[in-house]
Participant: 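Questions regarding the structure given below will be posed in turn.
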Amino acid sequence: MIAKPIEVKALGKYSVFVEFSDGVQGVVDFASLAHKGVFCAWDKDNLFAQAHINDYGAIAWNEDIDICPDGVYLRLKGLTFEQWQQQTLNTNATDK
């Protein structure tokens with residue numbers, strides 16, 4: 001299972017600091033999403049600064065805008081899902 005986010009903090013224009021339950025942490029730049037679809041709302045009423053972890057564990061700004069933390073975690077680790085899955089399988093095999 002991928003770790004869960006335990007801290008989220010907006011750092012400025014479209015960058016967020018995220019820390020996960022296993023200690024993985026870093027800054028993620030979401031600028032590529034800005035000004036597209038629902039993410040246009042980030043520029044209204046200082047919404048981007050309101051980044052938080054919602055009740056479902058997603059990185060969220062309001063009821064309409066959230067991002068799956070799994071992708072953020074993998075991005076911080078520099079892994080694709082397939083690479084993470086293989087590492088997990090290898091780790092589980094050596095733990096037995």
Side-chain angles (χ1 to χ4, degrees):
M1 182 187 328
I2 291 181
K4 302 297 179 201
I6 58 172
E7 182 182 353
V8 173
K9 181 179 180 182
L11 298 177
K13 221 44 168 167
Y14 315 124
S15 291
V16 175
F17 169 81
V18 183
E19 181 178 359
F20 286 85
S21 58
D22 66 350
V24 169
Q25 59 181 286
V27 176
V28 179
D29 182 3
F30 292 118
S32 65
L33 299 176
H35 314 294
K36 296 177 184 172
V38 297
F39 299 105
C40 288
W42 279 344
D43 293 321
K44 298 175 186 167
D45 301 321
N46 203 29
L47 182 62
F48 190 82
Q50 299 173 37
H52 63 279
I53 301 167
N54 71 13
D55 294 340
Y56 304 102
I59 299 165
W61 288 266
N62 61 22
E63 299 81 30
D64 298 323
I65 303 174
D66 62 41
I67 293 179
C68 176
D70 296 352
V72 173
Y73 179 85
L74 294 174
R75 189 170 172 184
L76 289 174
K77 295 275 289 181
L79 298 172
T80 65
F81 176 77
E82 291 77 15
Q83 291 168 326
W84 172 82
Q85 188 176 36
Q86 189 59 49
Q87 283 183 358
T88 302
L89 291 172
N90 292 341
T91 300
N92 289 341
T94 58
D95 287 345
K96 292 182 180 183

Participant: Hey, can you pull the donor-acceptor pairs under 3.5 Å for the side chains in residues 57-66, sequence neighbours left out?
Facilitator:
{"from": "Trp61", "atom 1": "NE1", "to": "Phe48", "atom 2": "O", "distance (Å)": "3.0"}
{"from": "Asn62", "atom 1": "OD1", "to": "Asp64", "atom 2": "N", "distance (Å)": "2.8"}
{"from": "Asn62", "atom 1": "OD1", "to": "Ile65", "atom 2": "N", "distance (Å)": "2.8"}

Participant: If I compare all heavy atoms of Ala10 with all of Ala49, which pair ends up nearest, and what's the gap?
Facilitator: CB-CA, 3.7 Å
Participant: Each residue besides Val27 in its hydrophobic cluster should be listed here, by chain and number; the cluster joins Ile, Leu, Val, Met, Phe, Trp and Tyr at side-chain heavy-atom distances under 4.5 Å.
Facilitator: Leu11, Phe17
Participant: What's the shortest heavy-atom distance between Ala51 and Val8, and which atoms?
Facilitator: CB-CG1, 3.8 Å
Participant: Tell me, do Val72 and Phe20 make a side-chain contact under 4.5 Å, heavy atoms counted?
Facilitator: yes
Participant: Does Ile67 form a side chain to side chain contact (heavy atoms under 4.5 Å, CB included) with Leu33? I'd like the steps, not just the answer.
Facilitator: CA-CA 11 Å; Ile67 293 179; Leu33 299 176; 3.8 Å; yes
Participant: Please list all pairs passing the side-chain hydrogen bond (donor to acceptor under 3.5 Å, both in side chains) test where one or both residues lie in residues 41-56, with sequence neighbours left out.
Facilitator: Lys13-Asp43, Tyr14-Asp43, His35-Asp43
Participant: For Leu74 versus Trp84, what's the shortest heavy-atom pair and its separation?
Facilitator: CD2-CB, 3.4 Å
Participant: Work out which heavy atom in Asp29 is nearest to a heavy atom in Arg75; give both atom names and the distance.
Facilitator: O-NH2, 2.9 Å
Participant: Does Ser21 reach the main-chain N or O of Ala3 with its side chain, forming a donor-acceptor pair under 3.5 Å?
Facilitator: no
Participant: Does Ile6 share a hydrophobic cluster with Tyr73, counting links as ILVMFWY side-chain heavy atoms below 4.5 Å and allowing steps through other members?
Facilitator: no
Participant: To the nearest 0.5 Å, what is the distance between CD on Glu7 and CD on Gln25?
Facilitator: 8.0 Å
